2 protein chains.
Amino acid sequence: MSNAISEEMTGSTQEIKNGWKPEIATAPLYMQVAHHLEARISNGDFAVGSLLPTENELAEALGVSRQTVRQAIGLLRNKGRLSARKGVGTRVEAIEATSGSTRFIAHSRSELFEIAAETEFVIGFREMVSAQGKLAVDLGCRPGRKFLHITGVRYPANRGKAFSWNEVYIDSRVAAAVKDITVARRAIFHYIEEFTGEKIHEIQQDVRPIAMDEDIAEKVGGKGGDLALIVNRRYYGSGRRLLEYAFQILPADRFTYTTTLRAET
Amino acid sequence: MSNAISEEMTGSTQEIKNGWKPEIATAPLYMQVAHHLEARISNGDFAVGSLLPTENELAEALGVSRQTVRQAIGLLRNKGRLSARKGVGTRVEAIEATSGSTRFIAHSRSELFEIAAETEFVIGFREMVSAQGKLAVDLGCRPGRKFLHITGVRYPANRGKAFSWNEVYIDSRVAAAVKDITVARRAIFHYIEEFTGEKIHEIQQDVRPIAMDEDIAEKVGGKGGDLALIVNRRYYGSGRRLLEYAFQILPADRFTYTTTLRAET
DNA sequence: CGAAATTTGTCCGTATGTATG
DNA sequence: ACATACATACGGACAAATTTC
């Protein structure tokens, strides 16, 4: 305890104590708390393997109710950053548990943001297309609808070895959102949300195995016939309107798709 | 409203109204409510595409607080059965959205139960092994620990085409849990939980592409070299004790791993 | 177009249960 | 047996989005 800055809450606007300034002033309090906790975990303030302060301590220190703290902790538990045990406390978990290759497939919308922030999508090709045949089926739209088709390679932020080949189809009505982008440092759908002001509520994602063809293998530094995962995503706005369709090819030798399933109780 | 049976609560034990008898009397109220709602959805009482009664109506009808109803609805929203919109209501969603092959990879512990219940694991081979080399590494244990090794094919409950090749390693201390099983109609870890009384809190799962060898391909009705997904699972009891390790090979032509990512807000 | 009603979302306070040490 | 700390449950209040009038 006693590390709260203890400035009085200003009354009308809700804001947690302890020097934290909300990145997005409009975000609900429990999300602000979650971000705050996450930041203090990654900066080492709360060490991995250690126990968090109790919910009551956090509530008091941050000037919010215990319920709000619990909601925040709940988010991070879903993400696997925290785990709680009755009568003991809330433990900070390691981000990575499995050996070997990194996991770079998202399990939540916010993870897509994080991954995109850690990588760069270098756009190599761009054209307007009219959905026909298989593409129209994949997009689940009537043939003839127009999309902006973008292809390129996604690199780690430090520009190491390429890790995925990406193809993106953007509804022509919102394609202007990426008009001037040549290197995307955020998720493509993030640009779309900013441009339209409309939030993407749902992303449907499926994962299948493929053998890479020569062409793509070369671009991500592999050989033709190498195994890979193809991750397919459909981005829906309000009213289940398809705004973006994309797929990504991840070489199997470098990536594993890891999930942790937890008991609901 | 007005479909509550309106029997008085018995006082000490918590139980929701409306004729619902809790399957597991010890389950928290919000889970009972979730199961209740799920049952009424699958029996058609709440039609897919329609709006649920409002949270306040449900709370009153079931004799619980609105918060409890919200928690229950939250569970089903996470599972994709429900979706909510501010100012509108809570919609019953279709179970399956994607076209093509069925998805049969779990995203939660409870889904593992459901999938296991819809399939049969026919055990074809069984032996005690001592973990050595690669196996010890996979299991993350010191070499020499003993495991019961089981292999077999998993079929749909209607005994159609096989859909996966399975290999399971069970800690020798709990291996007696499956001593007499030749056809498992529940999840293997379910037998272990029953036997030990200990709950499996965490399951780590990873998905990778492989090309099937002749041997396995034949068993699941494919050809050698066919693409497949290999799903690898580690089952941990309390204190992160590894109780079971298993992998499953799913032919790519029949299965897709589908996930839906939703906005947290 | 605007006001009102409806419905979910957030936040708080409190009380009690339950697993752990 | 006892204290601790998370889990469940209730109640109330207001905010925000949507629909209706």
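Chain A is the first sequence line, chain B the second, and so forth, proteins listed ahead of strands; every chain is numbered from 1. Computed from a predicted model, the values in this text were never measured in an experiment.
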Can B:Asp171 and B:Tyr245 be counted as having a side-chain donor-acceptor contact under 3.5 angstrom?
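There is no such pair (donor and acceptor under 3.5 Å, judged by atom type) between the side chains of B:Asp171 and B:Tyr245.
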Does the side-chain contact (heavy atoms from CB on, under 4.5 Å) test come out yes or no for A:Val92 and A:Leu82, once each step is laid out?
CA-CA 5 Å; A:Val92 180; A:Leu82 297 177; 4.1 Å; yes
From [atom1] of [X] over to [atom2] of [N], roughly how many Å is that when rounded to an integer?
| X | N | atom1 | atom2 | value |
| --- | --- | --- | --- | --- |
| B:Glu60 | D:dC10 | CD | C1' | 15 Å |
| A:Leu29 | D:dA16 | CG | P | 13 Å |
| B:Ile73 | D:dA9 | CD1 | C1' | 16 Å |
| A:Leu62 | C:dC12 | CG | C1' | 15 Å |
| A:Leu52 | D:dA5 | CG | C1' | 12 Å |
| A:Arg70 | D:dA9 | CZ | P | 11 Å |
| B:Arg91 | C:dT8 | CZ | P | 14 Å |
| A:Tyr30 | C:dC12 | OH | P | 13 Å |

A:Ser42 side-chain N/O to A:Glu38 backbone N/O, donor-acceptor pair under 3.5 Å
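Side chain of A:Ser42 to backbone of A:Glu38, a donor-acceptor pair under 3.5 Å: yes, one is there.
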Are OP1 or OP2 of C:dT8 and a side-chain N or O of B:Thr90 less than 4.0 angstrom apart?
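Answer is yes, contact under 4.0 Å.
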Could you please name the partner base of C:dA3, counting Watson-Crick and G-U wobble pairs only when both distances are under 3.5 Å?
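By the stated definition (distances under 3.5 Å), D:dT20 pairs with C:dA3.
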Short N/O separations, protein against nucleotides 3-6 of chain C, under 3.5 angstrom:
none

Taking it one step at a time, do B:Gln205 and B:Arg234 satisfy side chain to side chain donor-acceptor pair (under 3.5 Å)?
CA-CA 7 Å; B:Gln205 166 178 293; B:Arg234 291 177 182 77; over 6 Å; no
Within 45° cone of B:Tyr191 ring axis and under 6.0 Å: B:Arg186 NZ or CZ:
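Yes, B:Arg186 lies over the aromatic ring of B:Tyr191.
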Pairs: protein N or O with nucleotides 11-15 of chain D N or O, under 3.5 Å:
{"unit_1": "D:dG12", "atom_1": "O6", "unit_2": "B:Gln67", "atom_2": "NE2", "d": "3.3"}

Sequence neighbours left out, what passes side chain to side chain contact (heavy atoms under 4.5 Å, CB included) with A:Ala117? Give chain and number order.
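Listed in chain order: nothing, the list is empty.
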Shortest non-hydrogen contact between B:Ala84 and B:Arg77, atoms and distance:
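Scanning both residues, the minimum pair turns out to be CB-NH1, 3.5 Å.
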For residues A:Ile192 and A:Val174, report the shortest heavy-atom separation together with the two atoms involved.
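Nearest pair, atom of A:Ile192 first, then A:Val174: CG2-CG2, 4.1 Å.
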Of B:Gln248, B:Gln204, B:Glu244, which meets side chain to side chain donor-acceptor pair (under 3.5 Å) against B:Arg233?
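Going through the options one by one, the only one that passes is B:Gln248.
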What's the closest nucleotide to the side chain of A:Arg85 if the choices are D:dT19, D:dC6, C:dT20?
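Nucleotide nearest to A:Arg85's side chain: C:dT20.
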Nearest to the side chain of A:Thr68 - D:dA9, C:dG21, C:dC11?
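Ranking D:dA9, C:dG21, C:dC11 by closest atom to the A:Thr68 side chain puts C:dC11 first.
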